[in-house]
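One structure below.
Keep in mind it's a predicted model, so treat the numbers as computed, not measured.
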Amino acid sequence: MFLDFSKIFTALLSSTTILSNSIRKLSAISQKFATFRSVYHPQSEATHLLQKQMKICHFQIIPTKKVLITMSMVAEEPGFIQIFSDGSVKRPERETSPASEDSSSTGYKSKDVIIDSTKPISGRIIVPDTPASSSLLPVLVYFHGGGFCIGTATWLGYHTFLGDFAVAAQSIVLSVDYRLAPEHRLPTAYDDCYCSLEWLSKQVSSEPWLQRADLSRVFLSGDSAGGNIAHNIAIRAIQKGCDEVKIKGVLPIHPYFGSEERIDKEKASESAKDVGLTDLIWKLSLPEGSNRDYFGCNFEKAELSRDEWGRFPAVVVYVASLDFCKERGVMYAGFLEKKGVDVKLVEAEGEQHVYHMFHPKSEATRLLQKQMSEFIHSL
């Protein structure tokens, strides 16, 4: 939990000011009284005591004028993240949605779960309300975006988008809250999100909300950094042989990748602000000592054999025409195609980065949900 030290310090300084003012008033009264006493009894014990108290008050007032506790900011992207010299992090506050078992107005219900209390990793299960059916449903494991540094499954935009998707696609959703950078740099997000697959395989027989989950039809998805995570979790599942969970497809939305070499879009002068933000995000999230050719950033650095690439699940890459990350997404789809992966590229015209999270009820978002549903039910 982030503690807003600036508010604490403001309150402290405010209290100090009040105390200082009170001491000044006491000092002024004491001085008048002492002056009155000193005229008539200049050598009395009472006068000497008051003079001593006045000196004490004077000593106490001086430091209160100079008390100022500050923390320097070591990194900042306004509206995105602030990093302070003591290691604390301030993230944006967005509207969140609580989990609810009431599906009367939405058509879906949700429940928060603990995936690993020791790390901690949590998640939110979203289930469509279909009481008359007992058929098994495909499972979408979703990883939120935020440059590995911000975001949560409880954000209203994600909750609404995934809830409506669960209804449209008749699918169960597990939305994962992984640990964030810079406190937990990569590959922590990959470790946590892969842990969610292991949890899913163990809980499917005991968690009532997963009784209709078909683990032979599991799909990985996520937006921005979450799309990056979906790709890397698919690779890890191939390498580790996650037999209990069958990953049928990957649906990265506006995936966030990079490399040491700039692409043409990133070299353009009008992209300077976007490049500055992405550079900061990679600086905060990559392992210490790594650069943007780290495998988690540069998808071309993945170490998979030809046989392993042959077992990579089907992929549909969603890009947005006005998104700074579009070119990287197109390159990613082309790279997978060269590796022999069954891949499709879908572009949303006139839309910005992660529009579905900012506008979960828009027509463009409805179309995206429909496209995702069609892909899932085609496999």
* F143 and H231 aromatic centres sub-6.0 Å -> no

* May I ask you to test the S259-D293 pair for a side-chain heavy-atom distance under 4.5 Å? => yes

* A234 to V250 - nearest heavy-atom pair and separation -> CB-CG2, 3.9 Å

* Asked: Does some side-chain heavy atom of E347 sit less than 4.5 Å from a side-chain heavy atom of K326?
  -> yes

* **Separation of I125 CD1 from L210 CG (nearest 0.5 Å)** => 4.0 Å

* Asked: If you group Ile, Leu, Val, Met, Phe, Trp and Tyr by side-chain heavy-atom gaps below 4.5 Å, do F324 and L277 land in one group?
  -> no

* Asked: So W209 and V113, side-chain contact (heavy atoms from CB on, under 4.5 Å) or not? Walk me through it.
  -> CA-CA 10 Å; W209 283 52; V113 294; over 6 Å; no

* Determine the sole option in E77, E76, E183 for which the salt bridge (charged side-chain N to carboxylate O under 4.0 Å, His left out) test with R91 is passed. => E183

* Evaluate the side-chain proximity of S97 to L156: yes if any heavy-atom separation is below 4.5 Å, no if none is. => yes

* Asked: Which atom names give the shortest non-hydrogen contact between H377 and A169, and what distance separates them?
  -> NE2-O, 2.6 Å

* With side-chain contact (heavy atoms from CB on, under 4.5 Å) as the test, would you mind laying out the steps for L197 and I247 before giving the verdict? => CA-CA 10 Å; L197 296 186; I247 300 176; 4.0 Å; yes

* Asked: Rounded to the nearest 0.5 Å, how far does CG of N291 lie from CG of L286?
  -> 8.0 Å

* Does I235 reach the side chain of F312, with side-chain heavy atoms less than 4.5 Å apart? -> yes

* **Heavy-atom pair with the smallest gap, counting every atom of V245 and S201** => CG2-CB, 3.9 Å

* Asked: Within the distance-only criterion (no hydrogens, no angle test), does the side chain of R212 pair as donor or acceptor with the backbone N or O of S135 below 3.5 angstrom?
  -> yes

* **CD1-CG distance between I229 and D192, expressed to the nearest 0.5 angstrom** => 9.0 Å

* Asked: Any ion pair linking R179 and D191 (charged N to carboxylate O, less than 4.0 Å)?
  -> no

* Would you sort out whether L200 and L215 count as a side-chain contact (heavy atoms from CB on, under 4.5 Å), showing the intermediate values? => CA-CA 8 Å; L200 192 61; L215 296 194; 3.9 Å; yes

* Asked: Can you tell me how far CG of L162 sits from NE2 of H144, rounded to the nearest 0.5 angstrom?
  -> 11.0 Å

* Ignoring hydrogens and angles, tell me if any N or O in the side chain of D323 forms a donor-acceptor pair with the backbone of V354 under 3.5 Å. => no

* **4.5 Å side-chain heavy-atom contact, F358 and R94** => yes

* Non-hydrogen side-chain atoms of Y194 and N232 separated by less than 4.5 Å -> no

* Do the side chain of S378 and the main chain of F375 share a donor and acceptor less than 3.5 angstrom apart? -> yes

* Would you call the rings of H254 and H356 parallel, tilted or perpendicular, where under 30° means parallel and over 60° means perpendicular? -> perpendicular

* Structure fact -> A333 and V317 have their tightest heavy-atom pair at CB-CG2, 4.1 Å

* Please lay out, stage by stage, how F148 and H184 fare under the test ring pair (Phe, Tyr, Trp, His ring centres under 6.0 Å). => CA-CA 9 Å; F148 308 102; H184 305 283; over 10 Å; no

* Please assess S305 against D307 for the test side chain to side chain donor-acceptor pair (under 3.5 Å), listing each intermediate value before the final yes or no. => CA-CA 5 Å; S305 66; D307 176 67; 4.9 Å; no

* Asked: Hey, is the main chain of G296 close enough, under 3.5 Å, to the side chain of Y190 for a donor-acceptor pair?
  -> yes

* Asked: Are there more than 12 heavy atoms of other residues, nucleotides or ligands under 6.0 Å from atom CD of E101?
  -> no

* Nearest non-hydrogen partners of R262 and E266, listed with the distance -> CA-OE1, 3.4 Å

* Interatomic spacing from OG1 in T152 to NE2 in H159 - rounded to 0.5 Å -> 12.0 Å

* Asked: Do V319 and Y332 touch side chain to side chain, with heavy atoms closer than 4.5 Å?
  -> no

* Asked: I114, V204: one ILVMFWY side-chain cluster at the under-4.5 Å cut-off?
  -> no

* E374, CD: over 12 other non-hydrogen atoms inside 6.0 angstrom -> yes

* Asked: Side chain of S221, backbone of Y142: donor and acceptor closer than 3.5 Å?
  -> no

* Taking the side chain as every heavy atom from C-beta outward, state whether D223 and F161 have any atom pair closer than 4.5 Å. => no

* Structure fact -> In short, C325 meets H353 closest at the heavy-atom pair SG-CE1, 3.9 Å

* Determine whether more than 12 heavy atoms belonging to other residues, nucleotides or ligands lie under 6.0 Å from atom NZ of K265. => yes

* Asked: Can you check salt bridge (Lys or Arg N to Asp or Glu O under 4.0 Å) on R124 and D177, steps first, answer last?
  -> CA-CA 8 Å; R124 175 166 292 184; D177 260 333; over 6 Å; no

* To do: Tell me whether the centres of the aromatic rings in F335 and W309 are closer together than 6.0 Å.
  => yes

* Hey, any chance L136 and I376 share a hydrophobic cluster, counting ILVMFWY side chains that come within less than 4.5 Å of each other, even indirectly? -> no

* To do: State plainly whether one hydrophobic cluster holds both L322 and Y355, where clusters connect Ile, Leu, Val, Met, Phe, Trp and Tyr through side-chain heavy atoms under 4.5 angstrom apart.
  => no

* **Single-linkage hydrophobic cluster, 4.5 Å side-chain cutoff, L367 and F165 together** => no

* To do: Return yes if some donor-acceptor pair links the side-chain N/O of Y256 with the main-chain N/O of T278 below 3.5 Å, else return no.
  => yes

* Answer yes when D279 and K283 have at least one side-chain N-carboxylate O distance shorter than 4.0 Å, and no when they do not. => no

* Asked: Side chain of T365, backbone of H359: donor and acceptor closer than 3.5 Å?
  -> yes

* To do: For N228 and F257, indicate whether the former's side chain and the latter's backbone hold a donor-acceptor pair under 3.5 Å.
  => no

* Kindly say whether D274 contributes a backbone atom to a donor-acceptor pair with the side chain of S271 at under 3.5 angstrom? => no

* **I281/F80 under side-chain contact (heavy atoms from CB on, under 4.5 Å): CA gap, chis, key distance, verdict** => CA-CA 10 Å; I281 292 172; F80 185 81; 3.9 Å; yes

* Asked: For the atom pair CG (L140) and OG (S171), what is the distance rounded to the nearest 0.5 Å?
  -> 7.0 Å

* Say whether, by atom type as modelled, one donor and one acceptor occur between the side chain of S110 and the main chain of S100 under 3.5 angstrom. => yes

